[in-house]
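These notes are about the structure you will find just below.
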2 protein chains.
Amino acid sequence: MKRWTLEEIGKLAGVSRSTVSRVINNHPNIRPNVRERVQQVIAETGYQPNSAARSLVSNRSRIIGLFMPSVLRSAFTDPYYPQIIQAISHACNQNDYIVSLFLSQTVEEESKMIQRIVGSGVIDGLIITAEHTDTSFIPTLQAYDIPFVQIGRPHDTTKDDISYIDVDNYAGAHYATSHLIQQGHRRIAQIATIYNTAGVDRDRGYRQALVERGIAVDEELIEVGDFSETSGYEAMQRLLLKKPTAVFVQSDSMAIGALRALHEVNIQVPQDVAIVGFDDLPSASQLSPSLTTIRQPIYRTGTLAVETLIDILNTSKEPVRRIVLPVELVIRSSSMAN
Amino acid sequence: MKRWTLEEIGKLAGVSRSTVSRVINNHPNIRPNVRERVQQVIAETGYQPNSAARSLVSNRSRIIGLFMPSVLRSAFTDPYYPQIIQAISHACNQNDYIVSLFLSQTVEEESKMIQRIVGSGVIDGLIITAEHTDTSFIPTLQAYDIPFVQIGRPHDTTKDDISYIDVDNYAGAHYATSHLIQQGHRRIAQIATIYNTAGVDRDRGYRQALVERGIAVDEELIEVGDFSETSGYEAMQRLLLKKPTAVFVQSDSMAIGALRALHEVNIQVPQDVAIVGFDDLPSASQLSPSLTTIRQPIYRTGTLAVETLIDILNTSKEPVRRIVLPVELVIRSSSMAN
DNA sequence: CTGAAAGCGCTAACAC
DNA sequence: GTGTTAGCGCTTTCAG
C-alpha cells in the first residue's frame with residue numbers, strides 16, 4: 001500500500017497541494033465541486049496526512065502523555081488503574097488524540113522520563129496521576145510550558161496554578177464514617193494511606209466525622225497501608241489487637257485484604273466487625289459479604305481529565321481548572337448489623 | 001525554558017548544524033575536542049532534538065503502539081493487563097521508545113483505529129494482544145508494511161508469516177490436569193474460554209492429559225467463561241450439578257469466582273473439590289485456600305514482545321520470530337488432598 | 001573532519 | 001477560490 005503525499009493527491013485531482021490541504025483542514029473557501037473531486041481522490045487512495053510533517057509545521061503532535069509516577073509494581077494491579085487508563089484511552093480516541101503511556105518506578109527514572117518528554121516536543125500535554133507526594137518534576141513542566149492536568153488534588157495547595165480533577169475524598173470518608181457511627185459504632189478504626197492527597201483528605205473526613213459526633217480520635221485505631229491487598233490484610237491483623245467494632249478502609253483493595261484477615265480468624269462481618277471501603281471496584285459487590293463502600297466516578301474522572309486538557313490545549317492555560325467530583329455511599333452487607 | 005535548534009547550538013559551539021547533528025548521532029569522524037565542545041553546549045542548554053523533524057526526515061518516530069483489540073470493559077480489570085502493560089512500558093523506556101496505547105471496544109472502533117494508526121505513520125510498529133479470534137485488521141497492517149508482533153499465538157496457523165510471543169498454554173493445561181489425575185481425581189471438569197487461541201490450546205492440553213491416562217473426556221464437565229471472575233462464579237455453579245471432584249480453570253480470575261461459588265455452598269476446597277487455575281496472579285498465593293495454578297511469565301512476555309519488535313524494526317522482517325515461553329506448575333493448597 | 005545545501009511533507013502567508 | 005512559495009528542524013549527500 002503506497003503512502004501518498006499532498007502533492008500527488010493534488011496531481012490526481014488536478015489541483016495544487018494547497019487546495020488539497022485546505023480540503024483536509026476544512027477551510028471554508030473552496031468551490032463545492034473542487035472539494036468533492038478532491039475528497040473523491042482522497043477516499044480512493046486512502047490518503048492520510050503524514051503526522052510528522054504536520055507536527056513539525058504546526059507544533060502540535062495530537063499526542064498526549066499519561067504519566068503515572070512511581071507506580072509500584074504490585075500497586076499497579078489495583079483495578080483503579082485499568083479503569084482510569086481505559087477511560088483516558090477512550091476519551092482520547094473520541095477526540096482524535098493519541099495517548100502515550102509513561103510509567104516510572106523510581107524517582108530517577110521519573111526525572112529522566114520527564115526530560116525526554118518535555119524537551120523533544122513529542123507530546124502536546126500531560127495527564128498526571130498524583131501518586132505520591134514528590135512532585136519535583138512539576139516545575140520542569142511549568143518551565144517548559146507543557147500544559148498538564150493532574151488527577152487528584154495537588155499536594156501543595158499554596159500554589160494554586162495547577163489544574164486538576166479530583167473526587168471528593170473528604171466527603172466520602174465523612175459519609176463512610178458517619179454511616180458507621182449511625183450503625184451504633186464508637187470504636188471505629190481506620191486503615192489509612194499516607195502516599196497521596198487522597199489519603200490525606202480521607203483521613204481528614206474520617207477524623208472530622210468522629211469529632212462531630214463527639215467521639216475522640218484514637219490514634220491507636222489508625223493503621224497505615226499502601227493500597228495493596230496485602231497491606232490491608234496486615235493492617236487488619238494489627239488492628240485486631242485493638243478490638244475495634246468497625247473499620248473504615250481507605251480503598252477497596254485493602255478492604256479485601258482486611259476481610260480476608262477477619263475471615264481467617266473467624267470474625268463475622270458485619271456482626272463482629274463492620275467494614276466500609278472506598279472506590280466501589282467491580283468486585284466490591286461480589287465479595288461475601290458484599291462490601292459497603294464509597295463509589296467514586298473513576299471513568300468520569302479519566303474522561304474529564306482528557307477533555308480538560310484538550311480544552312487547555314485549544315484555548316489557553318488560563319483560567320486554571322479545578323474540578324471535584326461527588327462521591328456516593330453504597331450500602332451493602334459488610335456494614336449492616338441487621 | 002527556551003527550545004533550541006541545531007542551528008543555534010552550532011552557533012554557540014562555533015560549528016555548523018551538521019556537526020552538531022553528527023555529535024548527537026554518534027558519528028565516528030569528529031575531532032575529539034570539537035565533540036567535547038559541542039557536548040558541553042548541549043549539556044548547558046539542555047538541548048533536545050525536535051522529534052517531529054527527526055521523524056519527518058528519518059521516517060522513524062521511535063513510537064510503538066500497543067494495540068489491545070476489543071477489550072471488554074470488565075475483562076480489562078484482569079490483573080494480567082496491568083502487568084503486561086507495565087512490562088511493555090518499562091521495556092520501551094529502556095530502549096528509548098515511547099509506547100502509545102490503543103484500546104478498542106468494538107470491531108468498528110478497531111478498524112477506524114487501525115486506519116488512523118497505519119496511514120499517518122505515527123508509529124514504527126505494533127504490539128498486538130490476541131484477544132479474540134477476529135483478526136481482520138492484520139491484512140491491513142501487512143498491506144501497509146507495518147511491522148508487528150503478536151502476544152499469543154495467531155489464530156490462523158496456516159499462514160506462518162506472523163511473529164509472536166506465546167506461553168506454552170498446551171503444556172500448562174496438561175501439567176494442571178495431570179496433576180489432578182495424580183491426586184486421584186477422575187471426574188475433572190474444566191472452566192474453559194473460547195475467545196482466543198490461549199483458550200483453544202489450554203483446552204487441548206486438558207483433553208490430551210485425560211486421554212493419555214485413559215479417562216474419557218466428558219463434554220458435560222466443560223463449561224465456558226470469559227476470563228472474568230463473575231463468569232467463573234457462574235460456570236462453577238453450573239458445574240456443581242455435575243458433581244466433579246476437581247476443576248481445571250483456565251484463568252486465575254475465573255478460579256477466584258469458582259472458589260467463591262464453592263465457598264457459598266460450603267463445599268470444601270480441596271477436600272470436596274480440588275481447583276487448579278492458570279496465570280499465577282499476585283493474589284493467587286493469598287487466597288484461602290491458596291491457589292494451585294500455572295505460572296506464566298507475563299512480565300517476560302511483555303519485555304520480549306518489545307525487544308522482538310525493536311529487533312524487527314532495526315533489521316528486517318525476515319525471519320519471522322516465534323517464541324513460546326515455558327510455564328510452570330505451582331502447587332498450593334487448593335489441589336492437595338492431604 | 002567539517003560545512004553548504006537539498007529535501008522530508010506539510011501549513012499558511014501572499015499573490016493573483 | 002486557488003496556486004506559488006517559504007520554511008518548520010532535522011539528516012544526509014556532496015564538496016572540499
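If you're wondering where the values come from, they're calculated on a predicted model, not measured in any experiment.
- Checked for salt-bridge contact, Arg322(A) and Asp166(A) miss the test: no charged N lies under 4.0 Å from a carboxylate O.
- Between Ile85(A) and Met68(A) the shortest side-chain heavy-atom distance falls below 4.5 Å.
- Regarding contacts with the backbone of dC1(C), a side-chain N or O of Asn29(B) is found under 4.0 angstrom from either OP1 or OP2.
- Using a 4.0 Å cut-off between charged side-chain N and carboxylate O, Asp96(B) and Arg62(B) make no salt bridge.
- Taking atom CD on Glu36(A) and atom P on dT2(D), their separation rounds to 13 Å, with Å as the unit.
- Note that the OH atom of Tyr47(B) and the CD atom of Gln39(B) stand 13.5 Å from one another [nearest 0.5 Å].
- Taking atom NE2 on His27(B) and atom C1' on dT12(D), their separation rounds to 8 Å, with Å as the unit.
- At whole-Å resolution of the value, CZ in Arg3(B) and P in dC8(D) are 16 Å apart.
- No side-chain donor-acceptor contact under 3.5 Å links Gln40(B) and Glu36(B).
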- Query: Run the side chain to side chain contact (heavy atoms under 4.5 Å, CB included) check on Glu8(B) and Lys2(B) step by step: do they pass?
  - Reply: CA-CA 11 Å; Glu8(B) 293 167 336; Lys2(B) 186 173 164 33; 3.3 Å; yes
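- A donor and an acceptor atom, one from each side chain of Asn95(B) and Glu307(B), are nowhere located under 3.5 Å apart.
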- Task: Go along nucleotides 3-11 of chain C 5' to 3' and tag each nucleotide: B for a protein heavy atom under 4.0 Å from its base, S when only backbone or sugar atoms are that close, - otherwise.
- Result: BBB-BBBBB
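- From one end of the helix from dC1(C)-dG16(D) to dC16(C)-dG1(D) to the other, with five pairs defining each end axis, the axis direction shifts by 40° (rounded to 10°).
- The nearest whole Å value for the distance from the CZ atom in Arg37(A) to the C1' atom in dG1(D) is 12 Å.
- In this structure, Ile30(B) places its CD1 atom 12 Å from P of dT11(D), rounding to the nearest Å.
- One finds the CZ atom of Arg321(B) at 6.0 Å from the OG atom of Ser163(B) (value rounded to the nearest 0.5 Å).
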